[in-house]
Number of protein chains: 2
Amino acid sequence: MKPRTRQKVLEVIESLGYIPNKTARIFKSGKSYILGLVISQAHISEVMSNAGFQAQFKGLTEKAHKEGYNILIITSAEGDAYSYFEVIKNQLADGFIIFSPSQNDTLTSLLDEAEIPYVFNMKYSDNPQDRYYVSSDDFEGGYIAAKYLLDLNHTDIRMLVGSVKGSMLSFNVERINGFKKALAQYGVPFKEEMIVPIIGQMDQSYNAIYQLFQTQKPSALLISNEITTVAALNYFADQGYRVPQDVSIIGFGPSEFFRTLRPNLTNVGYDISWTSSKLVDLLLQRIEGKTPSFEMPKKPELVIRDSTARLRQE
Amino acid sequence: MKPRTRQKVLEVIESLGYIPNKTARIFKSGKSYILGLVISQAHISEVMSNAGFQAQFKGLTEKAHKEGYNILIITSAEGDAYSYFEVIKNQLADGFIIFSPSQNDTLTSLLDEAEIPYVFNMKYSDNPQDRYYVSSDDFEGGYIAAKYLLDLNHTDIRMLVGSVKGSMLSFNVERINGFKKALAQYGVPFKEEMIVPIIGQMDQSYNAIYQLFQTQKPSALLISNEITTVAALNYFADQGYRVPQDVSIIGFGPSEFFRTLRPNLTNVGYDISWTSSKLVDLLLQRIEGKTPSFEMPKKPELVIRDSTARLRQE
DNA sequence: CTGTTAGCGCATTCAA
DNA sequence: TTGAATGCGCTAACAG
């Protein structure tokens with residue numbers, strides 16, 4: 001093409017204010033460069049105020065941007081498989097990141113049948129079909145946290161885990177198993193009461209912790225949810241319990257968050273930015289029809305700060 | 001149509017697993033039912049961890065969902081007008097909600113010229129062209145907060161306000177003006193040092209407050225940013241300052257957030273859910289080509305809790 | 001190097 | 001009530 005012609009065309013484009021129609025382009029190419037993040041309306045509030053999700057969302061957005069994609073928040077009125085499938089099939093994203101409120105094999109098969117690329121934000125079941133997620137090594141996380149408390153002579157430990165309608169999320173099951181392994185190693189018998197199911201929102205968590213401490217006085221807490229961790233800290237502040245002198249606390253989640261709490265929290269730190277990035281990679285591989293490479297779960301790290309102390313023998 | 005034919009067609013649809021092509025539909029109808037939320041990559045991290053944004057984002061998502069829209073997060077690598085315009089014109093959203101890092105008349109005219117419907121997340125200038133935002137009554141907010149402190153005998157007050165490259169966001173200017181009005185009413189002379197510009201992220205805020213208290217000992221703080229508020233609380237906890245006995249603090253933002261802090265924070269509470277909902281309304285009206293109805297800014301409310309105390313005269 | 005054309009999948013119109 | 005044809009705006013393929 002002659003440079004002069006090129007120049008002239010560009011001038012006309014400029015003068016007419018021509019903007020290529022994105023929709024037609026997408027239509028023609030079949031690629032929207034949009035990744036759908038599917039979440040139920042009921043869930044969104046809980047999730048938004050959670051530091052772990054904030055980190056994940058940030059990670060997803062950044063990675064997507066790096067790969068030339070944008071994130072479309074797709075809200076489903078209800079959280080069940082058919083509602084999810086309905087909103088998913090009605091959207092133009094190239095692939096979907098699904099925040100399911102619970103285990104969801106029905107959804108998996110619906111999506112597979114429709115050949116829609118998707119990934120989940122976490123492991124939802126032990127079904128070998130459930131492969132499209134990126135996890136951390138939660139067994140290890142539960143183990144190192146419990147081991148550290150046991151090293152500090154704590155034996156009266158409670159593990160506070162989120163539960164949805166009585167069923168435990170897979171990563172919590174893992175953390176509990178890690179906890180149990182540590183107990184066994186130190187010869188401390190596991191009791192059912194050590195696991196305290198809890199609703200991961202501020203007020204419910206606060207009340208549950210209040211209830212717990214009405215009847216029991218554990219010396220240490222493993223808290224599997226950031227909001228519940230804040231609720232616990234608030235409860236102890238309100239009641240005049242000193243952390244770590246009266247109770248030791250270990251949180252689970254992004255380390256930077258726990259550094260903004262007072263006291264600075266000992267925590268099992270997960271590299272959520274890495275996990276999110278890998279999740280986008282996985283989805284993009286599915287979109288491109290490649291056989292996805294499954295990464296090894298990354299090991300979490302125990303960050304020791306000021307919320308844990310050696311138990312004084314009485 | 002004969003019911004039997006209808007039935008047969010539906011069966012075939014079902015058996016073939018036919019899913020109508022969303023892209024073609026959008027292409028044909030010219031409506032994507034997508035609202036783009038534009039934000040710069042550099043800004044997203046700061047914004048995500050801010051309680052006010054979380055509330056806003058939740059409000060936007062909920063309202064959009066109610067109206068049958070979804071939110072597309074559009075990340076711009078850079079924050080300037082041309083970068084923003086570039087990503088905006090390359091997206092298929094029906095309209096755009098723009099989180100601009102600063103005042104932006106260039107962007108406004110580019111968008112107007114291209115006839116792209118947009119709204120801003122806040123007021124960016126005193127230019128009468130800048131009409132497409134929904135504000136709260138920030139003058140009133142600054143006023144009632146300062147008045148309350150003055151009623152408690154505080155006169156050595158600092159107002160901590162976020163500033164981007166030395167320039168003040170419009171709502172902060174308003175809050176400062178409200179602050180000044182209250183001072184004038186009580187006959188307390190305004191001094192420049194009362195306004196402390198600050199970067200609204202955790203570590204920077206913490207350091208700035210540290211610097212401030214090295215040289216001065218104000219008895220009360222008005223803090224125009226949630227993250228800075230947490231940083232201040234952390235600093236006081238670390239230094240053994242008691243709130244409110246040694247310093248009084250008033251925050252600005254969504255009231256529910258300040259209730260999760262210890263001590264429970266006295267704050268100027270904004271109804272961010274309402275503002276977000278109105279913002280979507282405004283955008284939808286522009287998309288539909290109606291002349292938008294401009295709402296009166298809503299008055300914030302002073303929520304008195306435990307972070308403010310009467311100053312003892314020495 | 002330039003100009004022309006077909007076709008993506010749907011919705012809408014017109015004809016039968 | 002049904003079938004067939006048109007065109008949305010772009011891209012890619014092809015012919016000149």
Side-chain angles (χ1 to χ4, degrees), chain A residues 1-36 38 67-70 72 74 85-96 110-118 284 286-290, chain B residues 1-36 38 67-70 72 74 76 85-96 110-118 284 286-289:
Chain A
M1 202 195 313
K2 279 197 221 107
R4 238 194 35 209
T5 320
R6 176 181 195 83
Q7 179 60 26
K8 207 181 269 178
V9 170
L10 288 175
E11 269 169 26
V12 175
I13 286 179
E14 182 62 33
S15 74
L16 290 179
Y18 167 79
I19 296 175
N21 182 315
K22 183 74 180 183
T23 316
R25 279 191 167 165
I26 293 175
F27 175 51
K28 184 78 213 308
S29 70
K31 288 241 17 164
S32 63
Y33 291 96
I34 289 177
L35 266 23
V38 192
E67 302 289 339
Y69 284 76
N70 286 300
L72 176 68
I74 304 172
F85 185 64
E86 204 58 34
V87 299
I88 288 174
K89 74 176 193 192
N90 276 309
Q91 283 301 154
L92 81 176
D94 294 335
F96 297 85
L110 285 171
L111 291 169
D112 284 338
E113 201 175 334
E115 294 183 0
I116 294 172
Y118 65 88
L284 292 184
R286 293 201 71 187
I287 289 172
E288 290 160 14
K290 294 184 200 153
Chain B
M1 202 195 312
K2 279 198 221 105
R4 238 196 32 209
T5 320
R6 178 184 196 81
Q7 178 60 25
K8 206 181 272 177
V9 170
L10 289 175
E11 270 168 25
V12 175
I13 287 179
E14 180 63 35
S15 74
L16 291 179
Y18 167 79
I19 295 175
N21 181 315
K22 184 73 179 185
T23 316
R25 280 188 165 167
I26 293 175
F27 176 51
K28 185 82 211 318
S29 69
K31 287 238 25 164
S32 63
Y33 290 97
I34 288 176
L35 266 22
V38 192
E67 302 290 339
Y69 285 76
N70 286 300
L72 176 68
I74 303 172
S76 166
F85 185 64
E86 205 58 33
V87 298
I88 288 174
K89 76 175 190 191
N90 276 310
Q91 283 302 153
L92 81 178
D94 295 335
F96 297 86
L110 284 171
L111 292 168
D112 283 338
E113 202 175 333
E115 294 182 0
I116 295 172
Y118 66 87
L284 292 184
R286 293 201 70 185
I287 289 172
E288 289 159 13

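Everything numeric here is computed off the predicted structure, so don't read it as measured data. The chains referred to below are lettered A, B, ... by the order of the sequence lines, with proteins before strands, and numbering in each begins at 1.
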Exercise for the section: Count the heavy atoms of every other residue, nucleotide or ligand shown that sit under 6.0 Å from CD of A/Glu11, and state whether that count exceeds 12. Expected result: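 Yes, CD of A/Glu11 has more than 12 neighbouring heavy atoms, counting only those of other groups under 6.0 Å.
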
Exercise for the section: Measure from the side-chain N and O atoms of A/Asp94 to the backbone N and O of A/Leu35, and report whether any donor-acceptor pair falls under 3.5 Å. Expected result: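 No; judged by distance alone, with no hydrogens or angles, the pair does not exist.
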
On a heavy-atom basis, which atom in [X] and which in [Y] lie closest, and how many Å separate them?
{"X": "B/Leu72", "Y": "B/Gln91", "value": "CD2-NE2, 3.5 Å"}
{"X": "B/Leu92", "Y": "B/Ser32", "value": "O-OG, 3.0 Å"}
{"X": "B/Gly36", "Y": "B/Ala93", "value": "N-CB, 3.4 Å"}
{"X": "B/Leu110", "Y": "B/Phe85", "value": "O-CE1, 3.6 Å"}

Exercise for the section: Could you check if a side-chain atom of A/Tyr69 sits within less than 4.5 angstrom of a side-chain atom of A/Leu284, using non-hydrogen atoms only? Expected result: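 Yes, close enough: below the 4.5 Å cut-off.
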
Might you list the N or O atoms of the protein lying below 3.5 Å from N or O atoms in nucleotides 6-10 of chain C, with each pair's distance?
from, atom 1, to, atom 2, distance (Å)
C/dC10, OP1, B/Tyr18, OH, 2.8
C/dC10, OP1, B/Asn21, N, 2.8

Handout entry: Length of the line joining B/Leu92:CG and D/dG9:C1', which is rounded to integer Å
Key =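 These atoms are roughly 14 Å apart.
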
For residues 21-28 of chain A, dump all side-chain donor-acceptor pairs below 3.5 Å to protein atoms at least two apart in sequence or in another chain.
from, atom 1, to, atom 2, distance (Å)
A/Asn21, OD1, A/Thr23, N, 2.7
A/Asn21, OD1, A/Thr23, OG1, 3.4
A/Asn21, OD1, A/Ala24, N, 2.9
A/Lys22, NZ, B/Asn90, O, 3.2

Problem - Terminal axes of the helix from C/dC1-D/dG16 to C/dA16-D/dT1 (five pairs each): angle between them, nearest 10 degrees - result: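 Computed angle between terminal axes is 50°.
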
